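Take a look at the structure below.
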Amino acid sequence: SPTGGHLFFNDSTATVINRMSSSGVDAGASLGLCSGGGSPCTDVSNILDIDMLAMGATDVYAGSNSNHGTAGEGQISFGPTNGSGANSQALSNVVSGNPASTALALDDAEGFVYAAMSNGTIYIYSTMAPPVGPTNTVTGQSTVGQMAVANGFVFWTNPSLGKVFAIAHCVGTSCGNGAPSPITPQTFASTPAAQALSADAKNIYWSAGGQIFSCSLNGCVDAGPTMLANGTVTVRAIANDATSIYWGDDQGSIWQLAK
């Protein structure tokens with residue numbers, strides 16, 4: 001995941017988040033963290049089985065399927081993106097059996113991180129004064145594929161239900177004391193096996209099997225989601241930039257489609 005002129009990537013076997021300069025010269029070398037010349041450096045360590053990252057302006061958040069060595073117990077952790085600290089801090093060792101984390105999204109502007117767990121619960125945490133308990137939850141999701149924050153909403157896919165869900169993002173105390181808990185999500189779209197998810201300023205894009213769909217962030221038209229591509233290989237990840245949509249499939253191929 002890119003931010004601040006660096007590429008961040010996880011290493012699920014070495015228990016670290018790595019940081020590499022996109023220009024080929026890593027500023028982290030001056031901190032004694034890197035070998036320089038574009039070689040990856042360890043930005044955050046002591047997080048086991050890292051499966052997902054969410055980037056903020058000053059911190060990187062990691063979702064883990066192991067709680068300091070205990071497999072199957074999820075942890076959401078964070079550390080500085082500038083490499084000034086070698087170790088992570090635990091945002092929360094998630095309660096209720098410490099389920100493994102399955103998806104992660106950060107709303108850096110409003111100061112909330114959304115963490116989906118294998119028990120079908122999405123926990124909402126404030127990033128302003130961690131570590132604290134969850135501000136609120138969304139329950140009953142069975143599975144969560146991928147998540148994204150866009151246009152004042154949090155979107156996610158539910159592969160087992162074949163739906164894309166949405167809730168209004170949290171602002172200030174809107175999800176705190178006095179707010180309905182758990183939060184009831186709205187069905188945004190329905191496509192069997194909805195999985196990968198990405199969003200830009202106008203649209204949301206997601207995969208369902210080997211198909212790629214899109215809708216306006218304001219909602220799908222009466223005819224339903226627009227099919228952008230129809231393949232036969234299951235899509236696992238999707239991303240977009242100003243001009244194109246990209247996705248990776250189970251056969252190791254990466255595809256590009258102009259917007």
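Since the model is a prediction, treat every value here as computed from it, not as a measurement.
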Under a 3.5 Å threshold, yes or no: a donor from one side chain and an acceptor from the other, between Ser216 and Asn203? no
Of Ser142, Pro185, Ser190, the residue whose pairing with Asn158 passes side-chain contact (heavy atoms from CB on, under 4.5 Å): Ser142
Let me confirm one number: the SG-OH distance from Cys175 to Tyr114, rounded to the nearest 0.5 Å. 5.5 Å
Measure the CG-OG distance between Leu228 and Ser214 for me, rounded to the nearest 0.5 Å. 4.0 Å
Roughly how far, to the nearest 0.5 Å, is CG of Leu104 from CE of Met147? 8.0 Å
Same apolar cluster (I L V M F W Y, side chains within < 4.5 Å links), Leu161/Val138: yes
Is Leu217 linked to Val149 within one hydrophobic cluster, defined over Ile, Leu, Val, Met, Phe, Trp and Tyr using a side-chain heavy-atom separation of less than 4.5 Å? no
Plane angle bin for Trp255 and Trp247 - parallel if under 30°, tilted between 30 and 60°, otherwise perpendicular: parallel
Tightest non-hydrogen contact, residues Ser198 and Ala239, listed as OG-CA, 3.6 Å
From the options Ile122, Thr121, Ile124, Ile183, select the one residue that forms a side-chain contact (heavy atoms from CB on, under 4.5 Å) with Thr137. Thr121
Value rounded to 0.5 Å, distance of SG in Cys170 from CG in Asn136: 6.5 Å
Main-chain N/O of Ala208 paired to Thr191 side chain as donor or acceptor, under 3.5 Å: no
With a 4.5 Å heavy-atom cut-off, do Phe112 and Thr127 have their side chains touching? no
Indicate if Ile238 and Val233 have the same hydrophobic cluster label, given that clusters are the connected sets of ILVMFWY residues with side-chain heavy-atom separations under 4.5 angstrom. no
Walk me through it: do Asp107 and Val113 pass the test side-chain contact (heavy atoms from CB on, under 4.5 Å)? CA-CA 6 Å; Asp107 187 350; Val113 61; over 6 Å; no
Checking Gln256 against Ser244 for the side-chain hydrogen bond (donor to acceptor under 3.5 Å, both in side chains) test, could you report, in this order, the C-alpha distance in whole Å, the side-chain angles of both residues, the deciding distance, and whether it holds? CA-CA 6 Å; Gln256 178 182 6; Ser244 299; 2.9 Å; yes
Once rounded to the nearest 0.5 Å, what's the spacing between atom CE of Met117 and atom OG1 of Thr143? 14.5 Å
Quick one: do Leu257 and Tyr246 satisfy side-chain contact (heavy atoms from CB on, under 4.5 Å)? Show the steps, please. CA-CA 7 Å; Leu257 177 67; Tyr246 309 85; over 6 Å; no
Shortest non-hydrogen separation from Ala148 to Leu197 and the atoms involved: N-CD2, 3.8 Å
Do we see a donor-acceptor contact under 3.5 Å between the side chains of Trp156 and Gln141? yes
Just verifying a value: how many Å separate Gln146 CD and Gln195 CD, rounded to the nearest 0.5 Å? 6.0 Å
So, are Lys259 and Asp200 salt-bridged, with charged N and O less than 4.0 Å apart? yes
Of the non-hydrogen atoms in Gly145 and Ala103, which two are nearest, and what is the gap between them? O-CB, 3.7 Å
Would Ser126 and Thr135 count as a side-chain hydrogen bond (donor to acceptor under 3.5 Å, both in side chains) if you check the C-alpha gap in whole Å, the side-chain angles of each, and the deciding distance to 0.1 Å? CA-CA 7 Å; Ser126 170; Thr135 300; 5.4 Å; no
Verify the neighbour count for atom CG of Asn177: are there more than 12 heavy atoms of other residues, nucleotides or ligands below 6.0 Å? no
Apply side-chain contact (heavy atoms from CB on, under 4.5 Å) to Trp206 and Cys215, showing your working. CA-CA 9 Å; Trp206 71 94; Cys215 281; 3.7 Å; yes
Pair Ser118-Thr102, side-chain donor/acceptor within less than 3.5 Å: no
Grab the two heavy atoms, one from Phe213 and one from Pro225, that are nearest each other, plus how far apart they are. CD2-CB, 3.9 Å
Angle class for the Phe188/Phe155 ring planes (parallel below 30°, perpendicular above 60°, tilted otherwise)? perpendicular
Going through the distances and angles, do Val144 and Thr157 end up as a side-chain contact (heavy atoms from CB on, under 4.5 Å)? CA-CA 6 Å; Val144 175; Thr157 54; 5.7 Å; no
Any carboxylate oxygen within less than 4.0 angstrom of a Lys/Arg side-chain nitrogen, looking at Arg236 and Asp249? no
